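Computed from a prediction, not measured in an experiment: that's the story for all the values here.
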Amino acid sequence: MRMYDIIEKKRDGKELTEEEIYFFINGYTNGDIPDYQVSALMMAIYFQDMTEIERATLTKAMVESGDQIDLTAISGIKVDKHSTGGVGDTTTLVLAPLVASVGAPVAKMSGRGLGHTGGTIDKLESVPGFHTEITNEEFIDLVNKNKVSVIGQTGNLTPADKKLYSLRDVTATVNSIPLIASSIMSKKIASGADAIVLDVKTGAGAFMKEIDDAKELAHAMVSIGKQVGRNTMAVISDMSQPLGFAIGNALEIKEAIDTLQGKGPEDLTELCLVLGSQMVVLAEKASSIEEARKMLEENLSNGKALAHFKTFLASQGGDASVIDNPDHLPKAKYQVEVKAKKSGAIKTIIADQIGTAAMMLGAGRATKESVIDLAAGLVLHKKVGDSVSEGESLLTLHSNTEEVSSVIEIIEKSILISDGEVESPVLIYGTITE
């Protein structure tokens, strides 16, 4: 078998066999096939697409290129959630303890962030003492005991994906549905979950800016999941404006606490209830979405979800006193208000630009070497559709640097105020189950 023939076959729009896909994945992972040939194949895939069978086979080959986490020692149906990313995406911090509080095991493997804010691991490390460097045995024990644990990604999980991702980044093949879908799903499947709920974002702050593209990606990932034996579904949600109010690591921990107390932002709370209900049903802890949602709402109001968050933090070394005293979280030296220059209604909050502003304050990483300021970020006081008066605060910057004029300049261009009334955007566009 030759890589040349595989490239030629896909270039001409023909379907690759299982043997051909495994040959190219294994050869590239082992260093036997050069970058330039894989680049050519990825460009052929970009233009010619892949069948559902090809996509599932590609995903399985990537999963089998490295370690796979065995979670069979955890009792029950293990359910995981994956978001395609966004600005102020605090859902995991709320969902993990919330879903665990009704008895569904959440064994989550998360990463660090590159971009607007830190990843879930960075956010959790805002809690003094919290750590994710635990053994697989400890991880499994914690999930069996508390129904929830979060660890960092292992170094040898899907090495084929790491190599392909780096190459896609420099060959203009990032926006390929089969390559995106197999990349995301390979990591989820290798992480060992039995069932997967996908939160596919659409809008200015999302990877998929257009809803049709988001739906196509969701269908692709759900199809892959089902073909490899994982019960998988997707929710299409809005990311035209930031989710919730807080953008920044410690700030998002505080917002998660508020939400688990039943006092969080409406959009974040609703999305967590929608995603959480799906997770609870897939974990077979409820027979319907309506029953699952009622269970989750009860645990938000009776304190059980918050108690699970406290137990989760303490069990991994975190200072659980932050639940009752959020002032124990890292705090920025300066708080700067950005005020409205006119009265009206909020027409647009451009999510990706607001995310860039948060990153400039230190909340995210511009490069892999960047050091995150866990206290930095911003908190919105208005969302799209809200009325605002001239001089009223739009948001508060949290910064350890006094000079923030360039950040304010970006924000003022990103929040547009209309003279007339503005409708709030749709939050949930639908669900994909096949």
> Using side-chain contact (heavy atoms from CB on, under 4.5 Å) as the criterion, list what pairs up with Ser223, not counting sequence neighbours.
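Glu52, Gln227.
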> Looking only at heavy atoms, which two atoms of Ala357 and Ile410 are closest? And how far apart?
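Taking every non-hydrogen atom into account, CB-CG2, 4.3 Å.
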> Any heavy-atom pair between the side chains of Tyr46 and Thr171 that's under 4.5 Å?
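Answer no - side chains too far apart.
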> Nearest 0.5 Å, what's the OG1-CG distance between Thr202 and Asp238?
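Between Thr202 OG1 and Asp238 CG, I get 7.5 Å after rounding to 0.5 Å.
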> Does the side chain of Lys209 come within less than 4.5 Å of Asp213's, by heavy atoms?
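They are not in contact (no side-chain heavy atoms under 4.5 Å apart), so the answer is no.
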> Would you mind checking if Arg293 and Glu270 are paired as a salt bridge, meaning a charged N to carboxylate O distance below 4.0 Å?
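Yes, Glu270 and Arg293 are salt-bridged.
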> Begin with the C-alpha distance, continue with both residues' side-chain angles, and end with the deciding distance and a verdict on side chain to side chain contact (heavy atoms under 4.5 Å, CB included) for Phe245 and Thr396.
CA-CA 10 Å; Phe245 295 120; Thr396 302; over 6 Å; no
> Could you go through Leu313 and Asp319, starting from their C-alpha distance and side-chain angles, then the distance that decides it, and tell me whether this counts as side chain to side chain contact (heavy atoms under 4.5 Å, CB included)?
CA-CA 7 Å; Leu313 294 178; Asp319 178 3; over 6 Å; no
> Does Ser149 offer a backbone N or O that forms a donor-acceptor pair with the side chain of Gln316 under 3.5 Å?
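Looks like no, no N/O pair under 3.5 Å.
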> SG/Cys272 to CG/Leu296 distance, rounded to the nearest 0.5 angstrom?
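Here the interatomic distance stands at 10.0 Å.
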> Are Leu93 and Glu255 close enough that some pair of their side-chain heavy atoms sits under 4.5 Å apart?
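The answer is no, as the side chains (C-beta and beyond) never meet within the 4.5 Å cut-off.
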> Excluding sequence neighbours, so at least two apart, what forms ring pair (Phe, Tyr, Trp, His ring centres under 6.0 Å) with Phe312?
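With sequence neighbours excluded, Phe312 shows a ring pair (Phe, Tyr, Trp, His ring centres under 6.0 Å) to Phe130, given in chain and number order.
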> With no hydrogens and no angle check, just 3.5 Å: does a side-chain donor-acceptor pair link Glu337 and Ser393?
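Present: a donor and an acceptor within the cut-off.
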> Could you check if a side-chain atom of Phe207 sits within less than 4.5 angstrom of a side-chain atom of Asn175, using non-hydrogen atoms only?
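When only atoms from C-beta onward are counted, Asn175 and Phe207 do touch, with a gap below 4.5 Å.
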> Checking Tyr22 now: which residues fulfil ring pair (Phe, Tyr, Trp, His ring centres under 6.0 Å) with it, not counting sequence neighbours?
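Result, ring pair (Phe, Tyr, Trp, His ring centres under 6.0 Å) vs Tyr22: none returned.
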> Among all residues two or more places apart in sequence or in another chain, which pass the side-chain hydrogen bond (donor to acceptor under 3.5 Å, both in side chains) test with Glu390?
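So Glu390 forms no side-chain hydrogen bond (donor to acceptor under 3.5 Å, both in side chains) with any residue.
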> Identify all side-chain donor-acceptor contacts of residues 416-432 below 3.5 Å with residues at least two apart in sequence or on another chain.
{"unit_1": "Ser418", "atom_1": "OG", "unit_2": "Gly420", "atom_2": "N", "d": "3.2"}
{"unit_1": "Asp419", "atom_1": "OD1", "unit_2": "Lys342", "atom_2": "NZ", "d": "3.0"}
{"unit_1": "Ser424", "atom_1": "OG", "unit_2": "Val384", "atom_2": "O", "d": "3.3"}

> If you compare all heavy atoms of Ala305 against all heavy atoms of Pro97, which two are closest, and at what distance to 0.1 Å?
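Shortest heavy-atom contact: O-CB, 3.8 Å.
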> Taking only residues two or more places apart in sequence or in another chain, which ones pass side-chain contact (heavy atoms from CB on, under 4.5 Å) with Ile408?
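Counting only residues at least two positions away or on another chain, Ile408 forms a side-chain contact (heavy atoms from CB on, under 4.5 Å) with Val336, Val338, Leu397, Val404, Glu412.
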> Checking Lys81 now: which residues fulfil salt bridge (Lys or Arg N to Asp or Glu O under 4.0 Å) with it, not counting sequence neighbours?
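Partners of Lys81 under the salt bridge (Lys or Arg N to Asp or Glu O under 4.0 Å) test: none.
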> Decide, yes or no, whether a salt bridge links Glu290 with Lys294 under the criterion of side-chain N to carboxylate O below 4.0 Å.
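A salt bridge is absent here (no side-chain N lies under 4.0 Å from a carboxylate O).
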> With distance as the sole criterion, is a donor-acceptor pair present between the side chains of Asn249 and Ser126 under 3.5 Å?
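No pair is found: no donor N or O on one side chain lies under 3.5 Å from an acceptor on the other.
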> For the pair Asp49 and Ile177, evaluate side chain to side chain contact (heavy atoms under 4.5 Å, CB included) and give the outcome as yes or no after the intermediate values.
CA-CA 8 Å; Asp49 206 344; Ile177 293 292; 5.5 Å; no
> Which residues pass the side-chain contact (heavy atoms from CB on, under 4.5 Å) test with Lys382, not counting sequence neighbours?
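Lys382 satisfies side-chain contact (heavy atoms from CB on, under 4.5 Å) with Ile346, Asp386, Val388, Glu392, Leu394 only.
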> Can you tell me how far apart CD1 (Ile196) and CD1 (Ile184) are? Round to the nearest 0.5 Å.
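Ile196 atom CD1 to Ile184 atom CD1 measures 11.0 Å (nearest 0.5 Å).
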> Hey, can you pull the donor-acceptor pairs under 3.5 Å for the side chains in residues 229-236, sequence neighbours left out?
{"unit_1": "Arg230", "atom_1": "NE", "unit_2": "Ala193", "atom_2": "O", "d": "2.7"}
{"unit_1": "Arg230", "atom_1": "NH2", "unit_2": "Ile189", "atom_2": "O", "d": "3.2"}
{"unit_1": "Thr232", "atom_1": "OG1", "unit_2": "Arg230", "atom_2": "O", "d": "2.9"}

> Taking the side chain as C-beta and beyond, is there a heavy-atom pair between Asn136 and Ile151 under 4.5 Å?
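Answer yes - side chains close enough.
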> Any chance you could measure Leu251, atom CG, to His398, atom NE2, to the nearest 0.5 Å?
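That separation rounds to 5.0 Å.
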> What are the two closest non-hydrogen atoms of Leu374 and Asp122, and how far apart are they?
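Looks like CD2-O, 3.5 Å.
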> Within a strict 4.5 Å, meaning less than it, do heavy atoms of the Thr269 and Val94 side chains meet?
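Not touching, per the 4.5 Å side-chain cut-off.
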> According to salt bridge (charged side-chain N to carboxylate O under 4.0 Å, His left out), does anything in residues 256-268 pair up with another residue at least two apart or in another chain? List the pairs.
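For residues 256-268: Lys254-Asp258, Asp267-Lys383.
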> Could you work out, with side-chain contact (heavy atoms from CB on, under 4.5 Å) as the rule, every residue matching Ala206, not counting sequence neighbours?
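Per chain and number, Ala206 pairs via side-chain contact (heavy atoms from CB on, under 4.5 Å) with Lys201, Met239.
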> Ignoring hydrogens, what is the shortest heavy-atom contact between Met42 and Arg168? Give both atom names and the distance.
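Looking at all heavy atoms of both residues, the shortest contact is SD-CG, 3.4 Å.
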> Could you give the side-chain donor-acceptor pairs of residues 324-335 under 3.5 Å, partners two or more places apart or in another chain?
{"unit_1": "Asp324", "atom_1": "OD2", "unit_2": "Lys310", "atom_2": "NZ", "d": "2.9"}
{"unit_1": "His328", "atom_1": "ND1", "unit_2": "Ser321", "atom_2": "OG", "d": "2.8"}
{"unit_1": "Gln335", "atom_1": "NE2", "unit_2": "Ala332", "atom_2": "O", "d": "3.0"}

> Are any of the side-chain heavy atoms of Met62 and Ser182 separated by less than 4.5 Å?
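Counting from C-beta outward, Met62 and Ser182 do come under 4.5 Å.
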> For a side chain to side chain contact (heavy atoms under 4.5 Å, CB included) check, start with the C-alpha distance between Leu164 and Ile25, then their side-chain angles and the critical distance, and finish with the verdict.
CA-CA 9 Å; Leu164 287 174; Ile25 287 293; 3.8 Å; yes
> How long is the straight-line distance from OG1 of Thr433 back to CD of Gln278, given to the nearest 0.5 Å?
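Separation between the atoms: 9.0 Å.
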> Is it true that Lys187 and Ser183 share a donor-acceptor pair across their side chains at a distance under 3.5 Å?
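There is such a pair (donor and acceptor under 3.5 Å, judged by atom type) between the side chains of Ser183 and Lys187.
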> Please report the closest heavy-atom contact between Gly244 and Leu268, naming both atoms and the distance.
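Where Gly244 meets Leu268 most closely, the heavy atoms are CA-CB, 4.3 Å.
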> Atom OG of Ser191 and atom CG of Leu71: how far apart are they, to the nearest 0.5 Å?
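That separation rounds to 8.0 Å.
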> Within the structure provided, determine whether Leu142 and Ile134 are in side-chain contact (heavy-atom separation under 4.5 Å).
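Yes. Closest side-chain heavy atoms under 4.5 Å.
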> Does Asp194 use its side chain to pair, donor to acceptor, with the backbone of Lys78 at less than 3.5 Å?
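Such a contact is found between Asp194 side chain and Lys78 backbone.
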> Write down the atom of Pro242, the atom of Ile349, and the distance for their closest heavy-atom approach.
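Taking Pro242 first and Ile349 second, the nearest heavy atoms are CD-CG2, 3.6 Å.
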